[in-house]
Asker: 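Pasting a structure below so you can have a look.
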Number of protein chains: 2
Amino acid sequence: MASSDEGLRDPVNGVGRGGSARRRVAVPSVAERVADELRYQLAEGMLVPGTRLTEAAIAEELGVSRNTVREAFAELASERLVVRHPNRGVFVATLEAGDIHDVYTVRRAIEVSAIRGGGTPEGIAAVRAAVEEGKRAAAVEDNEGLGSANQHFHGAIVALAGSRRLDTIMSHVLAEMRLFFHKASVDAHFYSGYLTENDEICSALEAGKLDRAGELLHAYLDRSEAQQRAVHGE
Amino acid sequence: MASSDEGLRDPVNGVGRGGSARRRVAVPSVAERVADELRYQLAEGMLVPGTRLTEAAIAEELGVSRNTVREAFAELASERLVVRHPNRGVFVATLEAGDIHDVYTVRRAIEVSAIRGGGTPEGIAAVRAAVEEGKRAAAVEDNEGLGSANQHFHGAIVALAGSRRLDTIMSHVLAEMRLFFHKASVDAHFYSGYLTENDEICSALEAGKLDRAGELLHAYLDRSEAQQRAVHGE
DNA sequence: ATCGCTGAATTGTTGAACAATCCGACATTT
DNA sequence: AAATGTCGGATTGTTCAACAATTCAGCGAT
């Protein structure tokens with residue numbers, strides 16, 4: 001390990017945030033770093049949905065105060081990554097029956113709306129870049145890379161709208177999906193089939209056929225939802 | 001005053017929540033009640049955007065601990081009602097240049113998407129009910145009632161999608177707008193012009209002309225945005 | 001088997017304390 | 001006079017210890 005024996009990672013530069021020589025002016029607060037750490041563990045599948053998170057345990061494990069853990073919990077709860085049961089504790093969020101549909105309803109709303117708005121040339125270029133990123137990952141059979149490329153693709157689509165609020169909503173939704181569908185991402189050809197579809201959507205977008213792109217994207221999300229429902233019970 | 005000399009209101013039944021004889025099973029936590037109180041003051045325009053909220057002052061004023069106020073702040077910050085400036089304090093959120101467009105971008109995305117999904121007969125009935133509520137308010141020239149009827153209308157539209165997540169997103173957006181546009185709501189004929197338009201949208205929805213309803217709603221939001229931008233600087 | 005009790009564990013909340021940080025006022029320098 | 005440097009007060013960020021409130025599992029009584 002780089003820093004201490006246990007607890008939080010580098011306050012200034014996170015894990016995957018290398019490269020930028022400029023330092024952050026304001027170091028994120030401890031509570032924020034705790035939230036980041038937990039978010040990381042959640043996304044990485046180290047914390048299985050349904051697990052109970054006791055304040056004292058995490059406080060000691062990360063070497064921070066209980067109150068600070070509490071603040072981090074509040075943040076994660078607002079992102080629906082954990083659920084607070086009053087007087088019972090916080091639990092890693094679990095997927096109820098209708099939640100898959102719910103999540104995809106949000107995605108359909110904001111993604112389709114964003115792509116129908118067109119966006120700037122730079123924005124479209126970012127979408128294209130994500131498609132190419134996916135192709136490269138597929139060429140090396142890098143499943144993890146394929147998954148994140150897919151997320152970049154959809155993130156780039158939402159970014160077309162140029163709305164801070166939509167961006168954060170999307171990032172929350174994607175975080176939820178990472179948590180829930182972590183197991184599914186190990187499937188080899190799970191995303192591979194989407195590659196050509198993403199390309200098609202991107203081409204329609206580049207050609208200015210926005211309605212067409214929107215329809216394709218909508219259909220894509222419908223199919224993706226069905227697939228996820230098939231994988232997980234229901 | 002009903003309860004104590006100062007501080008929070010009734011823990012069990014809020015202020016506008018009268019009528020229901022059934023008590024809440026789980027009394028909301030103190031932090032939540034603090035958040036509710038602040039939300040109320042924000043929506044009511046008692047707290048002007050840009051105002052600084054010092055923890056100690058609010059803690060004493062509401063008779064709670066500073067840590068509890070902190071938790072409430074975290075919740076409000078996640079809803080963008082207040083902004084945290086590290087080591088400087090939290091301030092009532094202010095409206096930056098592009099934020100009006102940003103908020104309306106979110107609304108266009110989720111409202112149009114929701115109405116294009118159609119929804120259940122009960123959902124459509126709720127939309128119609130909101131339209132009638134607006135007409136009644138207009139008949140009595142109840143501006144405040146007109147404003148809230150309008151919010152009910154748009155809330156009912158989003159509810160068509162039947163998505164918990166979209167509902168909470170919409171409620172946050174509406175809370176933001178209440179905070180920002182509070183002054184504008186005093187304008188007499190601000191919403192009155194929208195009445196017939198809401199009716200038209202609702203009729204299209206009832207007739208199953210979803211695309212048409214979506215277009216009308218989209219145009220409505222565009223115009224509403226332009227109007228708000230005209231009222232507020234920019 | 002159901003009900004109620006009891007006790008351990010955890011959460012919710014408080015109050016106090018301290019370091020870190022920011023801000024304004026004042027002093028210094030050029 | 002303007003820019004710079006320094007200091008002190010005020011507020012936030014964080015920790016710690018304590019206590020009340022609540023949940024839950026186990027146990028015993030009916």
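Owing to the predicted nature of the structure, the values given are computational and were not obtained by experimental measurement. Protein chains get the first letters and strands the later ones, always in sequence-line order, with residue 1 at the start of each.
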Asker: Starting at CD of Glu71(A) and ending at C1' of dT13(C), how long is that distance when rounded to a whole Å?
Answerer: 14 Å
Asker: What pairs with Val83(B) under side-chain contact (heavy atoms from CB on, under 4.5 Å), at least two apart in sequence or on another chain?
Answerer: His85(B), Ala93(B)
Asker: Strictly by salt bridge (Lys or Arg N to Asp or Glu O under 4.0 Å), give each pair with a member in residues 146-161 of chain A just once, sequence neighbours left out.
Answerer: none
Asker: Among residues at least two apart in sequence or on other chains, which ones pass side-chain contact (heavy atoms from CB on, under 4.5 Å) with Thr105(B)?
Answerer: Ala161(A), Ser163(A), Leu166(A), His101(B), Arg108(B)
Asker: Can you measure Arg84(B) atom CZ to dG13(D) atom C1' for me and round it to whole angstrom units?
Answerer: 9 Å
Asker: My understanding is that only residues two or more places apart in sequence, or in another chain, count here; which of them pass side-chain contact (heavy atoms from CB on, under 4.5 Å) with Leu53(A)?
Answerer: Leu47(A), Ile58(A), Phe73(A), Val82(A), Val90(A), Val92(A)
Asker: Taking only N/O atoms, report every protein-nucleotides 7-11 of chain D pair under 3.5 Å with atom names and distance.
Answerer:
unit_1  : atom_1 : unit_2   : atom_2 : d
dT11(D) : O3'    : Arg52(B) : NH2    : 3.1

Asker: In whole angstrom, what separates Arg70(A)'s CZ from dT14(C)'s P?
Answerer: 11 Å
Asker: Rounding to an integer number of Å, can you tell me how far Ile58(A) CD1 sits from dT10(C) P?
Answerer: 13 Å
Asker: Any pair with a residue in residues 143-176 of chain B that passes ring-ring contact (aromatic ring centres under 6.0 Å, His included), sequence neighbours left out, goes on the list, sorted by first then second residue, please.
Answerer: His154(B)-Tyr220(B)
Asker: Could you tell me how far apart Glu60(A) (CD) and dC16(D) (C1') are, to the nearest whole angstrom?
Answerer: 14 Å
Asker: Tell me whether Arg164(B) is salt-bridged to Asp102(A), with the criterion being a basic N under 4.0 Å from an acidic carboxylate O.
Answerer: no
Asker: Let me know the distance between CZ of Arg33(B) and C1' of dT13(C), rounded to the nearest Å.
Answerer: 11 Å
Asker: By nearest nucleotide on DNA chain D, pick out whichever of Phe73(B) and Thr68(A) is the more 5' one.
Answerer: Phe73(B)
